[in-house]
Amino acid sequence: MGNFETPNLLRDAALLPDTGEPGFGVYVHWPFCAAKCPYCDFNSHVRHQPVDQERFTSAFLKEMATVRAMSGPKTVTSIFLGGGTPSLMKPETVDAILGGIARHWHVPDGIEISMEANPSSVEAERFRGYRAAGVNRVSLGVQALNDRDLKFLGRLHDVADALKAIRLARDIFPRMSFDLIYARPDQTVEEWERELKEAISYAVDHLSLYQLTIEEGTPFYGLHKAGKLIVPDGEQSALLYEATQEITALQGMPAYEVSNHARPGAESRHNLTYWRYGDYAGIGPGAHGRLTRGPEKIATATERKPEAWLDMVERDGHGILDQERLGFEEQADELLLMGLRLREGVDLARWQQLSGRDLDPKREEFLLEHKFIERIGNSRLRCTPSGMLILDSVVADLAC
């Protein structure tokens, strides 16, 4: 399989540059999939009858109005249509949702508008419809570049479908990304290196590279517990992770977050909003949000079951089940948890302002001495590559 043509970077010119600020994002969750993957614990549901897209669209618009009343006037810096499989939506549905967002908040020209898509549900006409509606970045759930592992992962597409989808995305959208899952059973470092180099050769500007995790409640969890599914141990997983960092850096796509890699300027603006601890509106079944109101930040969560969410919205104007007021200490912990995932690290002044204290000097010194963290001047703190391997422990140490 040969390389794709290098994309025309002039097509990116209309997209606004990253300002480095957290921003305000809008996330819309489309909860339906054609099939449930055995590793997936996302809020996704299979329906064997056609989904009433017009009814769900009306509900999305109603919930937007409620969330707009909570957020107040905002300038949107990114929009993300996630799922589930948003590429099962009709272009008219996407157009109506994006139109609703523009009516409720200020949406400048040139912001990033991303959409997730599965290669098995990709059609050129539908992709062009999404582009016409305003989508300018697509994220493809490729997951593997060999048919054996695609079958193991329960995907409905094969490699030929994936390559066709990548070509279409490159032709139609200014920016595109795709996901791969590694640390699969029996996967060697050499096999993963070849697969990763092949992925980079397809002229993408962003890759999301996730280690396979066994999540409770999934079919893989039952198989793993029964000893029928063996994944790489900690040492092998670390070797695979280190190979990932080395190859992507050499190929000009360094990690800007634990699992995300991009050519300079092609980082996901929407995901940066999460990791920089910005505000975002969560719309749709199972969506989460963070909205600042005065000194408070409100964490929102909606009903996960699509039909139950739909009934709630039609009755009450929204499907929000939880509105939790986060205190300053909780906000500081979330800022640390999210920000240390980033190569750019955490703004220490912002953390100190929220937490009302300095980092524990003994804990910081220990982590610095063992090269798990490092200072960036006097203003920022970040994990080193070694620290990223034990990120949860580093966050727990610093948060104490």
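In this structure, Ser237 contributes its side chain and Gly234 its backbone to no donor-acceptor pair below 3.5 Å. Asn43 places a side-chain N or O within donor-acceptor distance of the main-chain N or O of Arg304, the cut-off being under 3.5 Å. Between the Glu112 side chain and the His270 main chain, a donor and an acceptor come within less than 3.5 Å of each other. Although no hydrogens or angles enter the test, the distance criterion places no donor-acceptor pair under 3.5 Å between the side chain of Asp161 and the main chain of Pro119. Counting only distance, with no hydrogens or angles, the side chain of Glu296 and the backbone of Arg325 share no donor-acceptor pair below 3.5 Å. At distances below 3.5 Å, not a single donor-acceptor pair connects side-chain atoms of Tyr27 with backbone N or O atoms of Gly284. A donor-acceptor contact shorter than 3.5 Å links the side chain of Gln53 to the backbone of Leu88. Of the possible donor and acceptor atoms, none in the side chain of Gln245 sits under 3.5 Å from a partner among the backbone N and O of Ala243.
Among Ile320, Leu321, Thr302, the single residue meeting the side chain to side chain contact (heavy atoms under 4.5 Å, CB included) criterion with Met312 is Leu321.
At least one side-chain heavy atom of Glu329 sits under 4.5 Å from a side-chain heavy atom of Ser355. Under the 4.5 Å side-chain criterion, counting only non-hydrogen atoms from C-beta, Met115 is in contact with Pro86. At least one side-chain heavy atom of Phe220 sits under 4.5 Å from a side-chain heavy atom of Pro38.
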Met89 and Ile97: CA distance, side-chain angles, deciding distance, side-chain contact (heavy atoms from CB on, under 4.5 Å) verdict: CA-CA 11 Å; Met89 285 192 280; Ile97 289 170; 3.9 Å; yes
Start with the C-alpha distance between Leu196 and Leu207, add both sets of side-chain angles, then the distance that settles side-chain contact (heavy atoms from CB on, under 4.5 Å), and finish with yes or no. CA-CA 10 Å; Leu196 183 53; Leu207 286 172; 4.2 Å; yes
Could you walk me through whether Arg184 and Glu195 pass salt bridge (charged side-chain N to carboxylate O under 4.0 Å, His left out), step by step? CA-CA 12 Å; Arg184 307 189 290 261; Glu195 188 171 352; 2.5 Å; yes
Could you check Glu344 against Arg382 for salt bridge (charged side-chain N to carboxylate O under 4.0 Å, His left out), going step by step and ending with a plain yes or no? CA-CA 7 Å; Glu344 68 185 38; Arg382 71 180 176 192; over 6 Å; no
As a quick check of understanding, evaluate side-chain contact (heavy atoms from CB on, under 4.5 Å) for Asn271 and Glu257, giving each step before the final call. CA-CA 10 Å; Asn271 287 337; Glu257 189 268 346; over 6 Å; no
Test side-chain hydrogen bond (donor to acceptor under 3.5 Å, both in side chains) on Gln211 and Tyr241 and set out the steps. CA-CA 8 Å; Gln211 289 200 22; Tyr241 176 81; over 6 Å; no
Report the C-alpha separation of Leu272 and Leu342 in whole Å, then their side-chain angles, then the decisive distance to 0.1 Å, and conclude whether the side-chain contact (heavy atoms from CB on, under 4.5 Å) test is met. CA-CA 9 Å; Leu272 282 172; Leu342 287 170; 3.7 Å; yes
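Clustering ILVMFWY residues whenever any of their side-chain heavy atoms sit less than 4.5 angstrom apart, transitively, puts Phe372 in the very cluster that holds Val258.
Taking the ring centroids of Tyr202 and Phe178, they lie at or beyond the 6.0 Å cut-off. Aromatic rings from His106 and Phe24 are positioned such that their centres are separated by 6.0 Å or more. Between Phe173 and Tyr130, the distance separating the two ring centers is not shorter than 6.0 angstrom.
A side-chain donor from one of Asp358 and Gln352 sits under 3.5 Å from a side-chain acceptor of the other. Of the N and O atoms on the side chains of Trp30 and Thr93, not one donor lies less than 3.5 Å from an acceptor on the other residue. At a cut-off of 3.5 Å, with distance as the only test, no side-chain donor of Thr66 or His318 sits close to an acceptor on the other residue. Between the side chains of Tyr274 and His288, no donor N or O sits under 3.5 Å from an acceptor N or O. With no hydrogens or angles considered, no side-chain donor-acceptor pair links Arg341 and Asn260 at under 3.5 Å.
Ion pairing of Glu334 with Arg290 is present here, as a side-chain N (NZ or NE/NH1/NH2) and a carboxylate O approach within less than 4.0 Å. At a threshold of 4.0 Å, the pair Glu307-Arg55 does not count as salt-bridged, since none of the basic side-chain nitrogens sits closer than that to a carboxylate oxygen. Taking the charged nitrogens against the carboxylate oxygens, Asp52 and Lys90 have no contact shorter than 4.0 Å, which rules out a salt bridge. A salt bridge does not link Arg276 with Asp347: every distance from a Lys NZ or Arg NE/NH1/NH2 to an Asp or Glu carboxylate oxygen is 4.0 Å or more.
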